[in-house]
Amino acid sequence: MENKIVLTGIKPTGTPHLGNYVGALKPLIEQSKTNKTYIFIADLHALNIIKNPKDIKQHTYEIAALMIALGLDLNNSILFRQSDIVQVYQLATLLMNVTPKGLMNRAHSYKAAIDKNTAAGLDEDAGVNMGLYTYPILMAADILLYDTDVVPVGADQKQHVEFARDIAGYFNHTYGKTFKLPEPIIGEDTGIIPGLDGRKMSKSYDNVIPLFAPESELKKKIMRIITDSKLPEEPKDPDTSTIFQLYKNFATESEIAELREKFLAGGMGYGTAKTILFEKINSVLSGPRAEYERLMSNQSEIDKILEEGAKRARIVAEKTFERVHKAMLG
Ligand code: ADP
Ligand code: TRP
């Protein structure tokens, strides 16, 4: 894929972990080298969950610092804060008028909330705010505002991107061709990164290794990875080992082959394998981690980068919004 307009949003609701890095952030940075890429921190989308502004702000800085520290090319890509572009709130309001309510009823995130309430014997809409219910409309506004061609997302967000495409279609049908139809791309097979307990690494399972954990914490977490009870001399299966699965995403081809051999041959205890893993991850991440820590203690530098990004994003947002406003209101 080359020369496409790529856009994705990252919700500032938690501290990113190695699973997010391998499954989402690293591929995003790679493809931003060959495509114009908008990456924004979806703070408006966090509002239906996080009620403390300080937390949203802190997570916003964390994600921005992280993308910069990981080497996002700031010339080729536009990094900004969703809430800095006023046109996105405006476009969301206008899009409401071409969005069938039934489409929102079918959204996975809303349906999951209903199912949870029903199972608990509560009213089906208990605790559901309109931010959650209209979440896909705001997301459609994000996508359509920047003439986006493709949206890289995790599988859980695919439906939302399809909704954005549907909404663009309804709009174009009523008002004439105004929007491009965006397409989701689901991260090609990086596989699921396992967490400390062997299940998918996820903040919902409390089994994560934070991407920029300080060195001592990184080591402690890696040493806590659950293994089977094979003795050092026994041969071990690399393909079912969390240690090996993690290693594969940080080492070179020849290093991977070498560790695979050691697993299969026997003679290496899990403690040694964990030390090899720690040293590898630490050597790959220590440079970016130092840059991340530097940025986090210089937040005005992050503010400047986000403001610069917003300036560039606004140029396109203003144009699109004008086009839509004209189509609907003359
Ligand atoms: P979490 O499960 O911790 O809540 P998110 O759902 O916020 O993570 O995921 C954000 C992005 O990171 C998604 O694109 C998702 O596909 C990717 N991701 C999350 N966990 C993993 C994992 N264990 N392996 C691979 N990719 C992951
Ligand atoms: N909803 C996405 C998530 O929860 C974040 C997001 C908001 C997004 N707006 C977007 C992703 C636009 C892609 C495009 O992860």
Side-chain angles (χ1 to χ4, degrees), residues 5-29 31 37-50 56 59-60 62-63 66-67 70 78 80-83 85 88-89 91-92 95 107-110 112 131-165 167-168 182-211 225 242 245-246 248-250 313 317:
I5 298 180
V6 178
L7 170 140
T8 201
I10 306 173
K11 212 162 47 168
T13 47
T15 307
H17 52 72
L18 293 186
N20 300 140
Y21 170 67
V22 174
L25 306 176
K26 198 168 148 214
L28 186 60
I29 287 174
Q31 67 74 31
T37 305
Y38 292 87
I39 299 175
F40 63 89
I41 301 151
D43 54 350
L44 295 173
H45 274 111
L47 285 174
N48 69 340
I49 307 171
I50 304 189
I56 297 193
H59 288 316
T60 298
E62 282 172 6
I63 290 171
L66 188 122
M67 295 308 289
L70 289 175
I78 302 178
F80 63 105
R81 193 193 317 248
Q82 183 186 27
S83 64
I85 309 296
V88 83
Y89 314 59
L91 181 58
L95 292 179
H108 295 322
S109 43
Y110 173 59
L132 173 65
Y133 190 61
T134 61
Y135 188 104
I137 303 178
L138 179 58
M139 187 155 156
D142 288 329
I143 295 170
L144 302 178
L145 197 52
Y146 305 98
D147 294 328
T148 306
D149 295 306
V150 290
V151 186
V153 280
D156 62 321
Q157 295 294 317
K158 181 166 179 254
Q159 187 202 40
H160 288 151
V161 182
E162 286 164 354
F163 281 6
R165 190 183 169 88
I167 293 170
E183 265 178 64
I185 40 172
I186 309 304
E188 47 166 294
D189 197 20
T190 48
I192 303 251
I193 304 303
L196 299 178
D197 56 1
R199 292 188 293 172
K200 173 188 178 240
M201 187 178 289
S202 167
K203 56 183 178 288
S204 338
Y205 296 147
D206 201 13
N207 64 354
V208 308
I209 303 177
L211 178 55
I225 292 173
T242 299
Q245 296 315 307
L246 285 170
K248 268 193 347 198
N249 287 287
F250 291 88

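This is a predicted model, so every value here is computed, not measured. Order of appearance sets the numbers: ligands from 1, and atoms from 1 within every ligand.
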Min side-chain heavy-atom separation [X]-[Y] under 4.5 Å:
| X | Y | answer |
| --- | --- | --- |
| L246 | I193 | yes |
| I78 | T37 | no |
| Q82 | L138 | yes |

Can you list the atoms of ligand 2 that are under 4.0 Å from a heavy atom of [X]?
| X | value |
| --- | --- |
| A42 | 7 (C) |
| F40 | 9 (N), 10 (C), 12 (C) |
| K11 | 4 (O) |

Starting from [atom], locate the nearest protein heavy atom and write down its residue, its atom name and how far away it is, to 0.1 Å.
| atom | result |
| --- | --- |
| atom 2 (C) of ligand 2 | Q157 OE1, 3.3 Å |
| atom 6 (C) of ligand 2 | G9 O, 3.8 Å |
| atom 7 (C) of ligand 2 | H45 ND1, 3.2 Å |
| atom 4 (O) of ligand 2 | Y135 OH, 2.9 Å |

Does the N or O separation between [X] and ligand 1 drop below 3.5 Å for any pair?
| X | value |
| --- | --- |
| K203 | yes |
| S202 | yes |
| I193 | yes |

Return yes when M139 approaches ligand 2 closer than 4.0 angstrom through a heavy atom, no otherwise. yes

Could you tell me whether the side chain of R165 and the main chain of P182 form a donor-acceptor pair under 3.5 Å? yes

Proximity to ligand 2 by part of V153, non-hydrogen separation under 4.0 Å: side chain

Backbone, side chain, both or neither: what part of Q82 comes under 4.0 angstrom of ligand 2, heavy atoms only? neither

Interatomic distance, [X] atom [atom1] to [Y] atom [atom2] [nearest 0.5 angstrom]:
| X | Y | atom1 | atom2 | value |
| --- | --- | --- | --- | --- |
| L18 | N249 | CG | CG | 9.0 Å |
| L7 | F40 | CG | CZ | 5.0 Å |
| F163 | Y135 | CZ | OH | 13.0 Å |
| I29 | M67 | CD1 | CE | 4.0 Å |
| K11 | T60 | NZ | OG1 | 12.5 Å |
| D142 | M139 | CG | CE | 7.5 Å |

Applying side chain to side chain contact (heavy atoms under 4.5 Å, CB included), run through S109 and H160 and close with a yes or a no. CA-CA 9 Å; S109 43; H160 288 151; 3.6 Å; yes

In this structure, does ligand 1 have an atom that sits under 4.0 Å from one of the heavy atoms of Q157? no

With a 4.0 Å cut-off on heavy atoms, is V22 touching ligand 1? no

Going by the atom numbers of ligand 1, which of them fall below 4.0 Å from some non-hydrogen atom of [X]?
| X | result |
| --- | --- |
| I192 | 24 (N) |
| A24 | 11 (C), 12 (O), 14 (O) |
| G154 | 14 (O), 16 (O) |
| M201 | 20 (N), 21 (C), 22 (C), 23 (N) |
| K200 | 2 (O), 20 (N), 21 (C), 23 (N) |

Closest to atom 14 (C) of ligand 2 among D142, V151, V161 (heavy-atom distance): V151

Kindly give the heavy-atom pair with the smallest separation between N207 and K200, and that separation in Å. ND2-O, 3.0 Å

Closest contact, heavy atoms only, E162 versus P184: CG-CG, 4.5 Å

